[in-house]
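Chain naming here is simple, since letters A, B, ... match the order of the sequence lines and numbering starts at 1 in each. None of the values given here were measured: they were computed from a predicted structure.
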Number of protein chains: 2
Amino acid sequence: MRIGELAERTGTPRRLLRYYEEQELIMPTRCANGYRDYDERFVDRVVQIRGLLDAGLPTRIIKQILPCLDKPRVIHFKDATPEMLATLEGELDRMNHRIACLTRNRDAIEEYLGVVRQDKASGPSAQSPGGR
Amino acid sequence: MRIGELAERTGTPRRLLRYYEEQELIMPTRCANGYRDYDERFVDRVVQIRGLLDAGLPTRIIKQILPCLDKPRVIHFKDATPEMLATLEGELDRMNHRIACLTRNRDAIEEYLGVVRQDKASGPSAQSPGGR
DNA sequence: TCGAACCATCACATAGATGTGAGGGTCAAA
DNA sequence: TTTGACCCTCACATCTATGTGATGGTTCGA
């Protein structure tokens, strides 16, 4: 598939698809005329990339993470240098922190919304402390 | 406490503490001489802010989230305009997506590291598919 | 064969978070 | 009183992910 279709199917501007390629996150083949040629698997890959970017990971790190997601992954073992493994460990750690932080705050927001909604429902002027 | 101490206790450059203030995420009082004066609660707050920034939220959103975290929160109810609630709902959603994405990828990395480590241990040249 | 709808590269612009440094005030201890 | 370690406010630089547009090639159907 060409860049336009991939862009549409992933909701990603073409500009960014080219950017991700420049950052070596995706490596489409080229048709005879020079057009980029993406195979089906790139749809998920791009969605993955966007999710990680949105979650605060830089392309540099995403590039290291992506190979871990390939299944079957048998082929990729030789690439695993000790430094890369260390990077991954570190990144795993940071991801856990992020998850913890997001979860904590999500729960807080959820609780807040719950209380506020209930408050609105039972009377706009009442400010029940919710009994602590 | 002054900015230097807060910087040290939160591991945050002074520059950024001033930046967060400019973005109205934190509003320290001022001493007579113009120095910023942070009270104890700012330590947690700054850590919170940094966590959220690291997780990909922009200051604009963090600013809206922070009031939800204050406990007791009784005072803050009147601020809750319908638009703000809608924003929070939306942000809650995005946070859930982020959490899901991070969790998925974290698990994949974890599994990858597990397999690779086992592989290293049992013999560097073996490439067991891991049995599905 | 022409035009619309693709594609390509290149370059410059923006926005947000952060680094860095200049120029200058405050204050306490030597 | 001077010095060192703080603090202040600019202001400009940098990096990353993005937006936007110029310029031009390819393909295909009218």
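- Summarising the geometry, the separation between OH on A:Tyr38 and C1' on C:dC7 is reported as 11 Å, rounded to the nearest angstrom.
- Per the geometry, CE belonging to A:Met1 stands 16 Å off P belonging to C:dC6, to the nearest Å.
- In this structure, the CD atom of A:Gln23 is 8 Å from the P atom of D:dT16, given to the nearest Å.
- Here C:dC6 presents its P atom at 8 Å from CZ of A:Arg2, a figure rounded to the nearest Å.
- Between A:Leu6 atom CG and C:dA8 atom P there is a gap of 11 Å when expressed in whole angstrom units.
- Between A:Leu57 and B:Glu21, the one whose closest nucleotide on DNA chain D sits nearer the 5' end is B:Glu21.
- For A:Leu17 and C:dA8, the CG to P distance is 10 Å, given to the nearest whole Å.
- The OH atom of B:Tyr20 sits 11 Å away from the C1' atom of C:dG16 (whole-angstrom rounding).
- Distance A:Tyr19 OH to D:dT20 C1': 17 Å, rounded to the nearest Å.
- Between B:Asn33 and B:Ile62, it is B:Ile62 whose nearest contact on DNA chain C lies nearer the 5' terminus.
- Heavy atoms of A:Arg30 sit under 4.0 angstrom from primed sugar atoms or phosphate atoms, though from no base atom.
- Between B:Pro58 and A:Arg15, the residue whose closest nucleotide on DNA chain C is further toward the 5' end is A:Arg15.
- If you check C:dA8, C:dG19, D:dC7 against the side chain of B:Arg14, the one that comes closest is D:dC7.
- When heavy atoms are screened at a 4.0 angstrom cut-off, B:Arg18 is found touching base atoms of the nucleic acid.
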